[in-house]
Undergrad: 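First the structure, then my questions, so here it is.
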Amino acid sequence: MAHEGHDHGAPTTPQVTTLAPRTEAASDEFELVAVLRDGMLAIHLDRFADNAPVEGATIEMDTPEGAQTARPTEPGTYVVPAPFAAKPGAHDLAFTVTARGTVDVLATTLTVPAASVPADPRATAPAALALLAGSQLGLLAGVVIGFLAAVLLMSLRQRTTALVLAAGLGLAASLPPDAQAADAPKPPARDAAQRLPDGSVIVPKPSQRILGVRTIVTASASHARIVELPGRVVPDANASGLVQTAVGGRLAPPQGGFKPLGTRVAAGDILAFVHPPIGASDLKDLEQQGFELDQQIAIVKRRYERLSAIQNAVTRREVEETEIELKGLQTRRATLERVQREPEALRAPVAGVIAAADAVAGQMADPSTVVFRIIDPDRLWVEALGFSPDAGRSGASGRLPDGRSVTLVFLGAGMSDRGQAVPLQFSVTAGAEGLRPGQFLTVLAEAGAPRTGIAIPRTAVVRGANGQAIVYEHVSAERFVARDVKTDPLDAGRVLVVAGLPPDRRVVTEGAELIDQIR
């Protein structure tokens with residue numbers, strides 16, 4: 001009655017997978033695993049600290065039969081013929097590795113079991129012929145015996161069915177047990193990852209390359225205490241702006257139409273026009289003012305022309321005053337005409353990207369209506385709520401829901417509480433790619449006395465079946481052991497191990513989730 005994941009019966013016997021003959025060696029710089037298969041020795045070379053494959057290395061192998069140079073096949077993998085491995089027993093090997101100016105000598109012993117040496121085909125030929133002859137005789141005898149038994153024991157009506165049944169039984173009984181086993185295909189030996197009865201996990205080097213396993217060497221240090229605060233991304237007040245209408249009117253697109261969301265604009269670019277509405281009575285008043293101005297302009301212009309014609313009879317002062325009066329009337333008339341025809345231009349106050357737009361051709365906009373919102377995506381702030389105005393002054397970072405982290409710099413703290421918390425502002429200095437205003441994140445701010453522990457990436461910690469935090473220690477080249485640890489948050493990308501893990505150990509930082517799935 002147990003469903004998936006809840007087996008209430010007896011535990012199953014763990015499956016044992018046979019690994020090819022192999023040996024390993026390690027130094028402060030390199031870790032090497034040599035695997036024997038089909039007379040060739042595959043050498044997997046990684047860096048000891050982070051388990052990254054070493055490319056472009058030169059490997060010379062010293063054997064009892066002489067020195068040989070391995071050739072590269074894949075990144076971090078090299079092959080070399082191993083004729084000496086045809087003889088069972090222990091073979092002492094020495095590998096001289098030269099990579100990136102570093103020379104290291106790794107010594108190890110390869111043990112070849114006797115069962116791994118293939119048998120001579122000529123010796124097995126007589127045995128195969130004897131097995132074939134014996135199986136044919138057994139088949140014939142079984143058919144005869146089954147036929148006679150069917151004739152004596154079965155009635156005439158059931159004789160046909162009995163013949164078929166007896167012949168089948170005789171055939172099955174006549175075959176020797178080894179014949180069917182010999183004909184059945186046997187799975188080839190392969191190196192597969194497996195979990196041992198003691199809980200440790202064996203992951204061959206080729207599988208580690210596929211899973212992308214990476215490690216770090218742990219070290220104990222003092223770190224500042226971290227508090228987690230809820231935060232939200234907001235635009236930088238010095239690099240964002242609103243485009244609003246000063247007067248109510250009808251919206252009209254500029255040349256080329258309204259700009260879509262995400263368009264980058266420069267300060268002063270025209271984004272829209274607003275045509276102020278003019279009522280019938282106002283239009284009549286404007287027309288009346290226009291007629292009066294036209295009449296005054298005509299009178300003053302005639303007077304200016306007469307005075308200019310008799311400059312010797314009048315003073316120069318009268319001529320200049322008349323000219324100034326004429327220009328003033330003409331300016332008033334042009335302004336009145338512009339009020340009736342020229343709309344208000346809505347310009348971008350800052351350079352940035354259009355983040356929000358509410359513009360439709362012909363739409364009536366009230367005064368102070370927000371038509372466009374412009375922000376600079378490279379200049380963003382984070383606003384968080386905390387209980388201490390000093391939280392984050394010495395350092396802070398942000399963690400997004402998808403696991404990405406951003407670097408924050410403290411800007412200031414508010415004086416008035418907001419929901420019994422103090423608003424804190426930070427500037428995003430790194431990792432702003434993909435952020436948007438209004439996005440929520442967790443702010444990890446330094447506050448309080450420092451603590452001593454081991455800092456590891458958050459990706460190194462996995463959850464066990466009981467909810468306990470687990471890290472995998474890389475105890476040997478292909479063996480990993482789970483360690484129960486106690487962790488506290490440190491920053492957006494790391495946690496602090498305060499118990500369960502000693503220093504100077506190799507811990508898996510990438511691929512831990514995949515190793516935890518191996519059964």
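Along the sequence shown, residues are numbered consecutively beginning with 1. If you're wondering where the values come from, they're calculated on a predicted model, not measured in any experiment.
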Undergrad: Verify, without hydrogens or angle tests, whether Thr215 (side chain) and Val507 (backbone) share a donor-acceptor contact under 3.5 angstrom.
TA: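 Side chain of Thr215 to backbone of Val507, a donor-acceptor pair under 3.5 Å: no, none is there.
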
Undergrad: Is the backbone N or O of Asp516 less than 3.5 Å from a side-chain atom of Arg519, with the two atoms forming a donor-acceptor pair by type?
TA: yes

Undergrad: Any sub-3.5 Å donor-acceptor pair from Thr452's side-chain atoms to His223's backbone N or O?
TA: no

Undergrad: Do Asn238 and Asp376 touch side chain to side chain, with heavy atoms closer than 4.5 Å?
TA: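 SC-SC contact between Asn238 and Asp376 ruled out.
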
Undergrad: Once rounded to the nearest 0.5 Å, what's the spacing between atom OH of Tyr472 and atom CZ of Arg479?
TA: 12.5 Å

Undergrad: Where do Pro88 and Ala86 come nearest, in terms of heavy atoms and distance?
TA: CD-O, 3.6 Å

Undergrad: Check this for me, if you would: do Lys205 and Asp191 make a salt bridge, where the nitrogen-to-carboxylate-oxygen distance has to be below 4.0 angstrom?
TA: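 Asp191 and Lys205: not salt-bridged.
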
Undergrad: With no hydrogens and no angle check, is any side-chain donor or acceptor of Thr108 less than 3.5 Å from a backbone partner on Glu24?
TA: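 Answer holds: yes.
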
Undergrad: Are the side chains of Val508 and Arg214 in contact, using a 4.5 Å heavy-atom criterion?
TA: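 In short, these two side chains do not touch, never coming nearer than 4.5 Å.
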
Undergrad: Can you tell whether the side chains of Arg225 and Asp488 come within less than 4.0 Å, N to carboxylate O?
TA: no

Undergrad: Please lay out, stage by stage, how Ser200 and Asp198 fare under the test side-chain hydrogen bond (donor to acceptor under 3.5 Å, both in side chains).
TA: CA-CA 6 Å; Ser200 61; Asp198 61 353; 2.7 Å; yes

Undergrad: Just do the side-chain hydrogen bond (donor to acceptor under 3.5 Å, both in side chains) check on Asp92 and Thr109 with the steps written out, would you?
TA: CA-CA 4 Å; Asp92 296 330; Thr109 300; 3.0 Å; yes

Undergrad: Using side-chain heavy atoms (C-beta onward) and a distance below 4.5 Å, is Leu19 in contact with Ile202?
TA: yes

Undergrad: Return the set of residues passing ring pair (Phe, Tyr, Trp, His ring centres under 6.0 Å) with Phe426 (not counting sequence neighbours), or none when no residue passes.
TA: Phe410

Undergrad: Is it the case that atom CG in Asn466 sees more than 12 heavy atoms from other parts of the structure closer than 6.0 Å?
TA: yes

Undergrad: Looking at Arg47 and Asn51, would you say the former's side chain and the latter's main chain have a donor-acceptor pair under 3.5 Å?
TA: no

Undergrad: Taking all heavy atoms of Ala477 and all of Val33, pick out the closest pair and write down the distance.
TA: CB-CG2, 3.4 Å

Undergrad: What is the minimum heavy-atom distance between Gly453 and Leu496, and which atoms define it?
TA: C-CD1, 3.5 Å

Undergrad: Got a salt bridge between Arg506 and Glu31, using NZ or NE/NH1/NH2 to carboxylate O under 4.0 Å?
TA: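 Looking at Arg506 and Glu31, the cut-off is met.
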
Undergrad: In terms of side-chain geometry, is the basic nitrogen of Glu446 or Arg393 positioned less than 4.0 Å from the acidic oxygen of its partner?
TA: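 Salt bridge flag = no for Arg393 with Glu446.
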
Undergrad: Is there a side-chain contact between Val360 and Leu251 (heavy atoms, below 4.5 Å)?
TA: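 SC-SC contact between Val360 and Leu251 ruled out.
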
Undergrad: Is any side-chain heavy atom of Thr429 closer than 4.5 Å to a side-chain heavy atom of Leu408?
TA: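 They are not in side-chain contact.
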
Undergrad: Which is it for Asp104 and Ser27 under the side-chain hydrogen bond (donor to acceptor under 3.5 Å, both in side chains) test, yes or no, and what are the steps along the way?
TA: CA-CA 8 Å; Asp104 205 344; Ser27 65; 2.4 Å; yes

Undergrad: What closest approach, in Å, do Ala455 and Ile216 show between heavy atoms, and which atom pair accounts for it?
TA: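 Scanning both residues completely, I find the closest heavy atoms to be O-CD1, 4.3 Å.
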
Undergrad: Which heavy atom in Thr245 sits nearest to a heavy atom in Ala365, and how many Å separate them?
TA: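 Looks like CG2-CB, 4.1 Å.
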
Undergrad: Examine distances only and state if a side-chain atom of Arg347 and a backbone atom of Gly268 form a donor-acceptor pair shorter than 3.5 Å.
TA: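 Yes.
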
Undergrad: Does the side-chain hydrogen bond (donor to acceptor under 3.5 Å, both in side chains) test come out yes or no for Arg373 and Ser240, once each step is laid out?
TA: CA-CA 8 Å; Arg373 181 185 296 271; Ser240 61; over 6 Å; no

